[in-house]
Each structure stands twice: as C-alpha cells, then as structure tokens.
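What follows is a structure written as structure tokens; I'll ask about it next.
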Amino acid sequence: MTTAAQASLNPWLKASVPALVVALAVGAGAAAVRTDAPAGVVFAVFASLTFPFALALGAVLLDRTEHPEEHEDSIERQWTTRASSGAFFDTVVAMGLTVFATSVLDTRGAPLWLFVILALGDFAVRLAVIRRREA
C-alpha cells in the first residue's frame with residue numbers, strides 16, 4: 001500500500017471506533033424511547049443506519065489534507081468563501097442532527113426559519129472573525 005493510500009485511509013480508521021460507539025449509543029437511546037416496534041429491532045435499525053454517517057462525519061473532521069489557494073481572487077472574496085463554506089457546513093450538520101434527533105425521539109421537527117437565522121448568523125460571525133484575524 002502506498003503512502004498516499006495510507007494517508008487517505010487514516011481518517012477513516014481513526015473515526016471507526018468513535019463512530020461505532022456513537023451508533024451503539026444512538027441505537028440504545030432509540031430503543032429506550034421509542035415504543036412503535038420491538039426494542040431489538042429499533043436498536044438494530046438505528047445503530048446500523050447511524051454508523052455510516054457517524055463514520056463519514058468523523059473522517060471529514062479528521063482529514064487534514066491541504067488544498068491549494070486560488071491566487072486570482074481578492075482577499076475579501078477568499079474571506080467570504082471561507083466564511084460561507086463554514087456556515088454552510090455548520091447549517092447542514094445542525095439540520096442533520098435535528099432531523100436525526102427528531103426521528104430518534106419521535107418528536108416534531110424544528111421550523112426551517114431557525115436554520116436560515118443560524119446560517120446567516122454563523123456566516124456573519126465567521127466573516128467578522130476572519131477579518132479580524134487576517135486584516
């Protein structure tokens with residue numbers, strides 16, 4: 001196996017044990033709360049469906065691959081791109097966790113406008129922090 005192949009597998013291997021722990025905890029939590037199916041079935045379904053997503057999220061968070069900068073853009077454009085990318089990622093994670101929690105706990109979902117406010121606020125804070133650090 002080459003060094004590049006080992007580097008690309010490394011985040012996945014590091015994320016596998018925490019992902020398994022998270023999946024088992026979610027399965028146990030769902031089995032304890034939900035009453036619409038036998039506990040063993042609920043545990044198996046939620047644990048097996050949680051594992052790949054927890055693994056992927058962990059691998060993304062642990063990946064430290066450097067990406068080249070685009071030199072054609074202005075610094076303000078780079079700041080805006082970085083802030084909006086981070087805000088988008090945070091919003092998608094928040095929405096995913098909310099959908100996940102509402103399905104596990106069998107409750108109603110959160111209104112969409114909350115996520116719009118979260119995204120706009122997150123973008124504004126990220127942009128202000130980036131400007132302050134790099135200006």
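Just so you know, residue 1 is the first one in the sequence shown, and it goes up from there.
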Main-chain N/O of Val45 paired to Ser48 side chain as donor or acceptor, under 3.5 Å: yes

Between CZ on residue Arg126 and CZ on residue Phe89, distance to nearest 0.5 Å: 9.0 Å

Distance-minimising heavy-atom pair for Asp36 and Val42: OD1-CG2, 4.5 Å

Heavy-atom donor-acceptor pair, Arg34 side chain to Ala39 backbone, under 3.5 Å: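 Checking the backbone N and O of Ala39 against the side chain of Arg34, no donor-acceptor pair under 3.5 Å is found.
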
Same apolar cluster: Phe46 and Val22, side chain cutoff 4.5 Å: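 Same hydrophobic cluster.
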
Same apolar cluster: Leu61 and Leu97, side chain cutoff 4.5 Å: yes

CG on Asp106 to OG1 on Thr35, rounded to 0.5 Å: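 Thr35 OG1 to Asp106 CG: 7.5 Å, rounded to 0.5 Å.
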
Donor-acceptor pair, side chain of Ser103 and main chain of Phe100, under 3.5 angstrom: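 Such a contact is found between Ser103 side chain and Phe100 backbone.
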
Exercise: identify the closest heavy-atom pair between Ala119 and Thr91: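 So the two residues come closest at CB-OG1, 3.3 Å.
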
Heavy-atom closest pair, residues Ala23 and Thr50: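 The answer is CA-CG2, 3.9 Å.
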
Pairwise distance CG(Leu62) to CH2(Trp12) - rounded to 0.5 angstrom: 10.5 Å

Qualifying residues under salt bridge (charged side-chain N to carboxylate O under 4.0 Å, His left out), relative to Arg131, sequence neighbours excluded: none

Flag side-chain contact, heavy atom, 4.5 Å: Leu118 against Asp90: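 With C-beta onward as the side chain, the pair stays apart.
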
Side chains of Thr98 and Phe115 in contact at under 4.5 Å (non-hydrogen atoms): yes

Taking every non-hydrogen atom, the tightest pair across Leu49 and Pro52: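 Closest approach of Leu49 to Pro52: O-CD, 3.8 Å.
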
Shortest non-hydrogen contact between Val104 and Gly29, atoms and distance: CG1-C, 4.5 Å

Spatial distance of atom CD1 (Ile75) from atom CD (Glu134) [nearest 0.5 Å]: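 Taking CD1 in Ile75 and CD in Glu134, the distance rounds to 5.5 Å.
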
Contact check, side chains of Ile130 and Arg82, non-hydrogen atoms, under 4.5 Å: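 Yes, side chains in contact.
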
From CD1 (Ile117) to CG (Asp122), nearest 0.5 Å: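 Result: 13.0 Å between the selected atoms.
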
Shortest non-hydrogen separation from Ser16 to Phe51 and the atoms involved: O-CE1, 3.7 Å

Beyond-backbone contact of Thr80 with Leu127, side-chain heavy atoms, under 4.5 angstrom: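 Yes, side chains in contact.
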
